[in-house]
Amino acid sequence: MSKWDTSGPVAALTMVAPRERGPSGMSAAVEETKSDVIEVDVAVIGAGFAGLYALHKLRNDLGLDVQAFENGSDVGGTWFWNRYPGARSDTEVTAYCYSFDQDLFEQWKWTQRYPRQKEIHSYLTMFADRYDLKRSIVFDTTIESATFNDDTERWELVTDTGQRWSAQFLVEGVGLLSSTNVPNSPGQEAFGGEIYHTARWPHHDVDFRGKRVAVVGTGSSGVQCISEIAPQCGHLTVFQRTPQYIVPAQHGPLDPDLLEKIHADYNGYWTSVLGSVTAFGFDESDVPAAGMSDAERDEIFERQWNSGGGFQFMFATFNDIGTSREANNAATAFIRRKIAELVDDPDTAAKLTPHDLYAKRPICCDDYYETYNRANVTLVDAKAHPILEVTEKGVRTDEGEVELDIIVFATGFDAVTGNYLKIDHRGRNGVSLRDKWANRPRVHLGLMSADFPNLFMIFGPMGPFTNQPPAHEVQADWIADVITHVREHGLKTIEPTQEAEDQWLAMCDDIAYQTLFPETDSWINGANIPGKPKAVMFYMAGMGAYMDHLRAATASRYEDGFRTSAEAVSV
Ligand code: NA7
């Protein structure tokens, strides 16, 4: 078996401290309960941004009996796992946090515009402590199956530790970008050095000094760790399969004027975040690039380049980069010229220059292109010369063997659907989620799927393509309202109708095909995973418009597009 083969890959095997085991090999808590089914009102899966807020909302605000499950050994989700060098948010932090508690916002002092992993993890730890959440979370525990019992109309959960739980409602915050993608290059077991995946990074420091390092992959994770590792290591070889358009982040301290503005009108700030397209907290442009002169466009691009941010470059410059070829071409021409200016060696610059549309999740990183001017960095075109195998000493391509001490896979995720499909979900009449989603994911409002009653997916497929934490809160609040509605109206279950789900999918497709995003291959449409169906997986009309749909469902008191089952009335 490959060393990646267990629950997904990589150093997960070594980095998480083993659980305390009882005589049978199970944890003490599990020993006590393995034969019993423990009943709760709500089960929450995941303890990242989404799961923690859902737990707080449902347990502390609604007073429900809630149990959360987390496969990591601590809270944090993305920010527990992604500890690679350079890992940081690339969303302006004032919008990359919880909004519902103004005291929390005022008390927590972020140090930087784009905080590092450690700072965000500390924030989530503080959040869990502030609301006393950890006592309701079982860590180091993976939900293996979730089965809807048609008789009891409850979800039955089985964990990898043998525990059995029963819940009326199941809320999953399992992570959009969490199920790791690891190349299946043969020979990984034979490698004499260290191998890591960015999203399963060990909890100990990795010493790069004097080492020969390879980074495979140049998405958001790859570019962040490339820029950070290069100055630390002996030699860095980057295996780039597809070049991307990368603009500077322009990291720095938090803008005191922005903090002042938020302080002066806290609710107004969040209303504007949630009313925008991206929910990133910056002013989005309402000006189209199409029809403007090249000089006028370049002036705006240059200004944005200097103030930084990937989503900002795509959405704060003009309002049609994602929809108009003319606008998109203007943006890509500008970035291509920057690459040529910034990279000294013309051959390297040519390899780094993309020629496709600018229609993936936009990336920003400081000093990325400049990194290739370092004498200790080599760029390999991994499309022309893919890694054929991992050897004892390094990796082999058709150009020969590259000797290495450390291999870093920055190869991304089985995004959006990956973690949902790892759990064997069975809905009404035993219908399997894996079967239902065999050709594409099917989820109404990005939250609920027909035949899977009382199952809520925070940031499930067909949800908004936006900054996540504020959207998590909106979705969890909506879920809380639905659960309250069910309980207060003597209902047992609620689920979307098939018709509503089909209409939502058709609308998501219609909107997506008015943009350029379906025209490039990336994790956004599933094209990064061999064999995965390529499909629209997001609602692309923005956060403000998405919230209108949630409000409409609430206003109809879940009459439109949902069906419910009532509690049996005893006579
Ligand atoms: P991404 O954005 O999916 O990037 C993964 C990178 O890894 C990308 O450059 C891929 O090339 C490359 N890749 C994947 N498989 C291989 C193999 N087998 N060989 C060589 N290169 C490979 O993942 P990230 O973790 O960087 O970021 C994901 C999101 O997390 C990001 O958008 C943020 O929202 C946070 P490809 O482009 O597929 O040719």
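Throughout, residue positions are numbered sequentially from 1 according to the sequence presented. A quick note: this is a predicted structure, and the numbers were derived from the prediction, not measured. Read the numbers this way: they start at 1 and go in the same order the structure lists the ligands and their atoms.
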For Gln244, is at least one N or O under 3.5 Å away from an N or O on ligand 1?
no
If you measure only the distance, is there a donor-acceptor pair under 3.5 Å linking the side chains of His121 and Gln117?
no
If we ignore hydrogens and angles and just use 3.5 Å, is the side chain of Lys211 paired with the main-chain N or O of Asp207 as donor and acceptor?
yes
Looking at Glu401, I'd like to know if its CD atom is crowded, meaning that more than 12 non-hydrogen atoms belonging to other residues, nucleotides or ligands lie closer than 6.0 Å.
yes
Please report which non-hydrogen protein atom sits nearest to atom 15 (N) of ligand 1, along with the residue it belongs to and the distance in Å to one decimal place.
Arg241 NH2, 3.5 Å
Identify, for atom 12 (C) of ligand 1, the protein heavy atom at the shortest distance, and state residue, atom and that distance.
Gly217 CA, 3.6 Å
Using heavy-atom distances only, which candidate in Ala415, Pro183, Pro354 approaches atom 18 (N) of ligand 1 most closely?
Pro183
Suppose I only count heavy atoms of Trp523 and a 4.0 Å limit; which atoms of ligand 1 are within that range?
2 (O), 3 (O), 28 (C), 29 (C), 31 (C), 32 (O), 34 (O)
Taking only heavy atoms of Val216, which atoms of ligand 1 are found under 4.0 Å from at least one of them?
19 (N), 20 (C), 21 (N)
Among protein heavy atoms, which lies nearest atom 34 (O) of ligand 1, and at what distance?
Arg361 NE, 2.9 Å
Take every heavy atom of Phe413, measure it against each atom of ligand 1, and state whether any distance is under 4.0 Å.
yes
To which protein heavy atom is atom 31 (C) of ligand 1 closest, and what is the distance rounded to 0.1 Å?
Ser220 OG, 3.4 Å
Please report which non-hydrogen protein atom sits nearest to atom 35 (C) of ligand 1, along with the residue it belongs to and the distance in Å to one decimal place.
Leu177 CD1, 3.9 Å
Short N/O distance, under 3.5 Å, between Ser221 and ligand 1?
yes
Starting from atom 23 (O) of ligand 1, find the nearest protein heavy-atom neighbour and note its residue, name and distance.
Gly412 CA, 3.2 Å
Among all protein heavy atoms, pick the one closest to atom 9 (O) of ligand 1 and tell me residue, atom and distance.
Thr218 N, 2.9 Å
Ligand 1 contact on Ala410 by region, counting heavy-atom pairs under 4.0 Å
backbone
Axial cation check for Trp81 ring with Arg200, 6.0 Å and 45° limits
yes
How far is atom 36 (P) of ligand 1 from its nearest protein heavy atom, and which residue and atom is that?
Thr242 OG1, 3.4 Å
Could Arg83 and Phe80 be counted as a cation-pi pair, given that NZ or CZ must be under 6.0 Å from the ring centre and within 45° of the axis?
yes
